[in-house]
Protein chains: 2
Amino acid sequence: MQVAERAGVSLASTSRALHGTGASSKMVDRVRAAAAELGYSPDAIGRSLRMKRTFQVAFAVADIGNPVYVEMLTAIHEVLAPHGYRVVVMSTGHTVGSTVDLVRSLGSGFVDGLIVSPLRTDDALVEAIRQAPVPVVVIGRSLEQQGIDSVSTDSAAGLGHAVAHLVEIGRRRIGFVNGPLDTTPGAARQRGFDAATSGPDFAGDHAETERADDFTVAAGLAAARRLLSRTPAAGPFDAVVAANDLLAIGVIRAARELGLSVPGDLAVTGMDDTEIGRVFQPSLTSVSLGSAERGTAAARLVLDRVDDVAEPAQQIAIGPRLFVRESTAKEMSAR
Amino acid sequence: MQVAERAGVSLASTSRALHGTGASSKMVDRVRAAAAELGYSPDAIGRSLRMKRTFQVAFAVADIGNPVYVEMLTAIHEVLAPHGYRVVVMSTGHTVGSTVDLVRSLGSGFVDGLIVSPLRTDDALVEAIRQAPVPVVVIGRSLEQQGIDSVSTDSAAGLGHAVAHLVEIGRRRIGFVNGPLDTTPGAARQRGFDAATSGPDFAGDHAETERADDFTVAAGLAAARRLLSRTPAAGPFDAVVAANDLLAIGVIRAARELGLSVPGDLAVTGMDDTEIGRVFQPSLTSVSLGSAERGTAAARLVLDRVDDVAEPAQQIAIGPRLFVRESTAKEMSAR
DNA sequence: CCCATCACCGGAAACGTTTCCAGTGATCGC
DNA sequence: GCGATCACTGGAAACGTTTCCGGTGATGGG
């Protein structure tokens, strides 16, 4: 190494001087000076090879463009960067199989840990995660019984909050626009809606689900058209719960097409509390699932695991919170 | 290495067999089988150390949450992943100094290339980029004379398109809500607006700029309130050009506060053609600066540079394109 | 049948760092 | 003044891979 020669000392001393332990101050000065003159910075690869640390953590999701994941990514980056960790973004692909491949690829040791939010889960994936050679934290479903670190949120309960709020402001005939049921979030939200609208606690008159092909505005628009074209015996819908903010915007579009005012004729709620919903007109009442908090918690957890090795797997839950905005204002049209 | 032992061959043969060159088919089968049994995948660090390739590219921006950068990131990832490259996200920080630090940190060799979109640029940064030990591609300003690879867009011309469109639909008194002037985009857009509204080609009656503190909805709202509270001698504003989509949404909010209809009383244009603008009500006429295309081009360029070493620096320009939507529909209110 | 060519394999070096281990010089206490 | 302790330094090994180089066996041509 050039710095050692230049400073006239051994490689060992150079390393100690730069790393800061067990070197005399004279030595430190000398090496620092030489390093500064040469514009030297230690090679990350050599260092990684020796230390068995890459100082990198991967974050993997199906779709990096999704605002929810962007928020997580930002939060994760904010936690990890000050600790000297870099963030590698990866794609899980849309199938369970490709996610399993991703987890297996951790064997090549290019990261010290993984934070992953799989759209779909199965036993093979759980097994792969448990076998993984580096710590893996799952954002999404709680995997308690499986002994896997996870950061989850109770989106089913979140749906309950939305329904309760709508009932409280006097809505009685509530539609639900959900996304695909074969995704983890889709399934959970359906459970939440069904639980909230069945049973004796539900004070409304009617509840009905329509499924969109996708969690997008366009799919929400199409689904809402179908839903709103029907009129239940109890009377026309006066509220729609959407499984995410983009779907909710699609619902509002459909309402406008049909000449319904929001929130006058139709109150609409979203989920995820995204920027896009906050700035929309009308601004969107939405259930926050704490994307940023989940990212932060996952990042902290993975940091813990990278240092301390084996503790019992931890399941962190972030409570959903309802943010009431214009799209569910109290006043109702007389109809 | 365990695989070599298991297969009963040398490390060298193992490597050749897995890498695929100069090994007999019998050897390949044997090694593959052993590798499969052991679930072996080659260590990325050891490989990197030897090959002097990390198979990683960094993407650095000030704010990963910005939709424009998210689009770029997605595009970059899509180009790089099939070539076996990983994407590391980094933050430039908000000052030139921290960006320079970032570029210098490339010396530790943790990536094979960098794609960076600096908010602000100065000579020190240009110098640092030129000295960088790995290829650097700049997204943003064209740095032709500096001999630096860059992918740029002519946002000044884009502003011209917006103004021309507004004039064409009969608007005459045009306001401009810009962001901070000390950023590269802010300065370029100001130049564009000034060029488009001065000189004999401008068929409007009045042009005036108001500056927002930031490229956000809130800042746009505040700036638009200030702008619209003034009434030029030529008459009230009938159009506002905003320097990006978020500012434009702020402008629409301000207009609504003041009882102005959009586009009836006031036509509004944005810039960046973001999802948020597309789904807004009214949907936003916006100048696309081709974020995804720029990301794609930058990623391709960095791939070229990683393989072929030295070619003359390249400057790629992506032309801006205007997408006309509801916020600048033709009909005007009679006033 | 012998020599030259060729395909293939194993040994070993190299990449750049950290850390263990031993050794040297100095300092301190007795 | 001498021995022991101590702070510090240098040598060397190790991390896991790729690739150069030399060698060996087979094959083909003369």
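Quick note on labels: first sequence line is chain A, next is B, and so on, each numbered from 1. Heavy atoms only: backbone and side chains are in, while hydrogens, waters and symmetry mates are out.
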So does [X] get a side-chain nitrogen or oxygen closer than 4.0 Å to the phosphate oxygens (OP1/OP2) of [N]?
X: B:S24; N: C:dC9; value: yes
X: B:S13; N: C:dG10; value: yes
X: B:Y40; N: D:dT17; value: yes
X: B:R47; N: D:dT18; value: yes
X: A:S48; N: D:dC15; value: no

Requested in this report: Please name all residues satisfying salt bridge (charged side-chain N to carboxylate O under 4.0 Å, His left out) with A:D123, sequence neighbours left out, ordered by chain then number.
Outcome: none

Report summary line: Of the listed C:dT18, C:dA12, D:dT17, the closest approach to the B:A12 side chain comes from C:dA12

Query raised in the report: Looking at D:dG16, C:dC9, D:dT9, which one has an atom nearest to any side-chain atom of A:L49?
Result: D:dG16

Please report the distance, rounded to the nearest Å, between [atom1] in [X] and [atom2] in [N].
X: B:K26; N: D:dG25; atom1: NZ; atom2: P; answer: 14 Å
X: A:M51; N: C:dT17; atom1: CE; atom2: P; answer: 13 Å
X: B:I45; N: D:dT17; atom1: CD1; atom2: P; answer: 11 Å
X: A:M27; N: D:dC8; atom1: CE; atom2: P; answer: 10 Å
X: A:L18; N: C:dT19; atom1: CG; atom2: C1'; answer: 15 Å
X: B:R30; N: C:dG10; atom1: CZ; atom2: C1'; answer: 13 Å
X: A:L11; N: D:dG10; atom1: CG; atom2: P; answer: 10 Å

Report task. For A:G46 and for A:G22, locate the closest nucleotide of DNA chain D by heavy-atom distance; then report the residue assigned to the nucleotide nearer the 5' terminus. Result -> A:G22

If you define the side chain from C-beta out and look only at heavy atoms, does anything of [X] sit under 4.5 Å from [Y]?
X: B:L301; Y: B:I316; value: yes
X: A:Y85; Y: A:D112; value: yes
X: B:I64; Y: B:S91; value: no

Report task. Check every strand shown and say whether B:A44 touches a base, only sugar-phosphate, or nothing at a heavy-atom separation below 4.0 Å. Result -> nothing

Query raised in the report: Starting at the 5' end of DNA chain C and moving along, which residue's nearest nucleotide shows up first, B:K52 or B:R16?
Result: B:R16

Query raised in the report: Any donor-acceptor pair under 3.5 Å linking the side chain of A:R16 with the backbone of A:A23?
Result: no

Query raised in the report: Side chain of B:R50, base of D:dT17: donor and acceptor closer than 3.5 Å?
Result: no

